[in-house]
Amino acid sequence: MDKKQLWISAGIILNAQQNQVFITQRAAKAHKGGFWEFAGGKVERNETAEQAVVRELHEEVGIDVTGLEHFMSLSHDYPEKSLKFDFFLVTNFEGEAFGKEGQPGKWVDIAALEHADFPEANAVVLDKLKLR
Ligand SMILES: Nc1nc2c([nH]c(=O)n2[C@@H]2O[C@H](COP(=O)(O)OP(=O)(O)OP(=O)(O)O)[C@@H](O)[C@H]2O)c(=O)[nH]1
Ligand SMILES: [Mg+2]
């Protein structure tokens, strides 16, 4: 059987100084449960990646995005599904980021981000972020 293919849009939420990012922890029972992530989710039918990330960040971390730029696209094959990602840098937003769905959330120095805390697909994103 063919693997499920999904398009995911996620936001790398930057603080004003752009030296920290806001990350959230995936629910234990979810795919990659317990790992930290950049909030986001599936791009819905008739939505652009940009529209999806704005919607997801409102739903998941309670912010209204007012400034964003595309950071990178990538594809990653997990044994259980095939994912295509668009990651955006969120440079401006209204509201205070928090785990709106009850999930843990925290601001972390970009320099202190650990590959092992994130799903495999995020490795190249973290590498590029650390080089900014
Ligand atoms: N949001 C997000 N998902 C990631 C990241 N890295 C990564 O491998 N994923 C994977 O991408 C998939 C989509 O994430 P998701 O769990 O948020 O999507 P979802 O089914 O909850 O959809 P929804 O958020 O639209 O309800 C999951 O399989 C997740 O493990 C990341 O940094 N952010
Ligand atoms: Mg999600």
Side-chain angles (χ1 to χ4, degrees):
M1 202 181 83
D2 283 342
K3 261 195 273 186
K4 235 208 284 193
Q5 311 226 356
L6 295 170
W7 182 19
I8 309 297
S9 188
I12 301 167
I13 304 166
L14 294 165
N15 64 342
Q17 273 191 57
Q18 301 203 350
N19 65 332
Q20 294 190 327
V21 290
F22 185 78
I23 58 176
T24 47
Q25 193 172 26
R26 295 185 59 80
K29 287 183 191 153
H31 181 246
K32 295 294 163 188
F35 284 98
W36 292 80
E37 69 170 359
F38 297 112
K42 292 191 261 311
V43 179
E44 291 176 0
R45 206 180 283 278
N46 299 323
E47 233 182 10
T48 62
E50 198 162 312
Q51 289 168 334
V53 74
V54 169
R55 176 182 51 72
E56 290 283 353
L57 268 46
H58 181 84
E59 294 171 359
E60 294 187 349
V61 292
I63 62 169
D64 290 307
V65 174
T66 53
L68 82 177
E69 61 185 70
H70 192 257
F71 187 56
M72 71 186 298
S73 300
L74 68 95
S75 295
H76 190 88
D77 257 29
Y78 286 114
E80 44 303 314
K81 51 184 156 181
S82 243
L83 301 178
K84 184 189 139 201
F85 292 90
D86 278 295
F87 285 92
F88 290 86
L89 290 176
V90 174
T91 52
N92 272 293
F93 58 89
E94 285 166 10
E96 193 96 17
F98 74 108
K100 196 178 173 184
E101 297 177 326
Q103 75 280 38
K106 62 181 178 185
W107 286 99
V108 186
D109 286 350
I110 290 171
L113 289 172
E114 300 271 4
H115 283 68
D117 295 338
F118 289 82
E120 293 90 323
N122 290 60
V124 288
V125 182
L126 298 184
D127 288 343
K128 184 168 173 182
L129 198 56
K130 286 167 182 280
L131 290 171
R132 270 181 90 236

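Keep in mind that the numbers below use all heavy atoms, side chains included, and drop hydrogens, waters and symmetry copies. Order of listing sets the numbers, starting from 1, for every ligand and every atom in it.
- Between Phe87 and ligand 1, a contact under 3.5 Å exists for no N or O pair.
- Of all the heavy atoms of Leu6, none lies under 4.0 Å from any atom of ligand 1, so neither backbone nor side chain is involved.
- The nearest heavy-atom contact from the protein to atom 17 (O) of ligand 1 is Gly40 O, 3.0 Å.
- Annotation for ligand 1: atoms under 4.0 Å from non-hydrogen atoms of Ala121 are 8 (O).
- From the protein, the heavy atom lying nearest to atom 32 (O) of ligand 1 is Asn122 ND2, 2.8 Å.
- Under the 4.0 angstrom criterion for non-hydrogen atoms, Glu120 is not in contact with ligand 1.
- Scanning the protein heavy atoms around atom 13 (C) of ligand 1, the nearest turns out to be Ile8 CD1, 3.2 Å.
- Residue contacts with ligand 1, taken as heavy atom pairs separated by less than 4.0 Å, involve Glu60 solely via side-chain atoms from C-beta onward.
- No side-chain donor-acceptor contact under 3.5 Å links His76 and Asn122.
- In terms of protein heavy-atom proximity, atom 4 (C) of ligand 1 is closest to Phe85 CE2, 3.7 Å.
- Between the side chain of Gln103 and the main chain of Glu101, a donor-acceptor pair closer than 3.5 Å is present.
- From the protein, the heavy atom lying nearest to atom 3 (N) of ligand 1 is Glu37 OE1, 3.5 Å.
- Contact annotation: Gly41 places no N, O or S atom under 2.8 Å from the Mg ion (ligand 2).
- Using a 4.5 Å heavy-atom cutoff, the side chains of Phe93 and Leu68 are not in contact.
- Distances from atom 21 (O) of ligand 1 to the protein include no heavy-atom value under 4.0 Å.
- For Lys3 (side chain) and Leu83 (main-chain N/O), no donor-acceptor pair under 3.5 Å exists by modelled atom type.
- When ring centroids are compared, Phe38 and Phe88 stay outside the 6.0 Å threshold.
- Residue-level proximity to ligand 1 for Tyr78 is carried by the side chain, the only part with a heavy atom below 4.0 angstrom.
- Looking at Glu56, its side chain never comes within 3.5 Å of a backbone N or O of Ala39 through a donor-acceptor pair.
- Using a cutoff of 4.0 Å between basic side-chain nitrogens and carboxylate oxygens, Arg55 and Glu47 are scored as salt-bridged.
- By the 4.5 Å heavy-atom criterion applied to side chains, Leu14 and Val90 are not counted as neighbours.
- Glu60 lies close to the Mg ion (ligand 2), since one of its N, O or S atoms is found at a distance under 2.8 Å.
- For atom 23 (P) of ligand 1, the nearest non-hydrogen atom of the protein is Glu56 OE2, 3.5 Å.
- Linking Ile, Leu, Val, Met, Phe, Trp and Tyr whenever their side-chain heavy atoms come within less than 4.5 Å leaves Val108 and Ile13 in two separate clusters.
- At least one N or O atom of Phe38, backbone or side chain, sits closer than 3.5 Å to an N or O atom of ligand 1.
- No side-chain heavy atom of Lys100 sits less than 4.5 Å from a side-chain heavy atom of Val61.
- Neither the backbone nor the side chain of Phe118 has any atom closer than 4.0 Å to an atom of ligand 1 (non-hydrogen atoms only).
- Of all the heavy atoms of His76, none lies under 4.0 Å from any atom of ligand 1, so neither backbone nor side chain is involved.
- Taking only non-hydrogen atoms, the option from Leu83, Val43, Ile12 nearest to atom 12 (C) of ligand 1 is Leu83.
- For ligand 1 and Lys32, the ligand atoms under 4.0 Å from any heavy atom of the residue are 30 (O).
- Arg26 counts as a contact of ligand 1, since one of its heavy atoms falls under 4.0 Å from the ligand.
- The main-chain N or O of Phe71 is found under 3.5 Å from a side-chain atom of Lys128 such that the two form a donor-acceptor pair.
- Scanning all protein heavy atoms for the shortest distance to atom 19 (P) of ligand 1 gives Lys42 NZ, 3.3 Å.
- A donor-acceptor distance shorter than 3.5 angstrom exists from the side chain of Lys130 to the backbone of Ile110, with no hydrogens or angles considered.
- With hydrogens left out, the protein atom closest to atom 28 (O) of ligand 1 is His31 ND1, 2.5 Å, a heavy atom.
- Salt bridge absent: Glu80 and Lys4 never bring a charged side-chain N and a carboxylate O closer than 4.0 Å.
- Within 6.0 Å of the CD atom in Glu69, the count of heavy atoms belonging to other residues, nucleotides or ligands exceeds 12.
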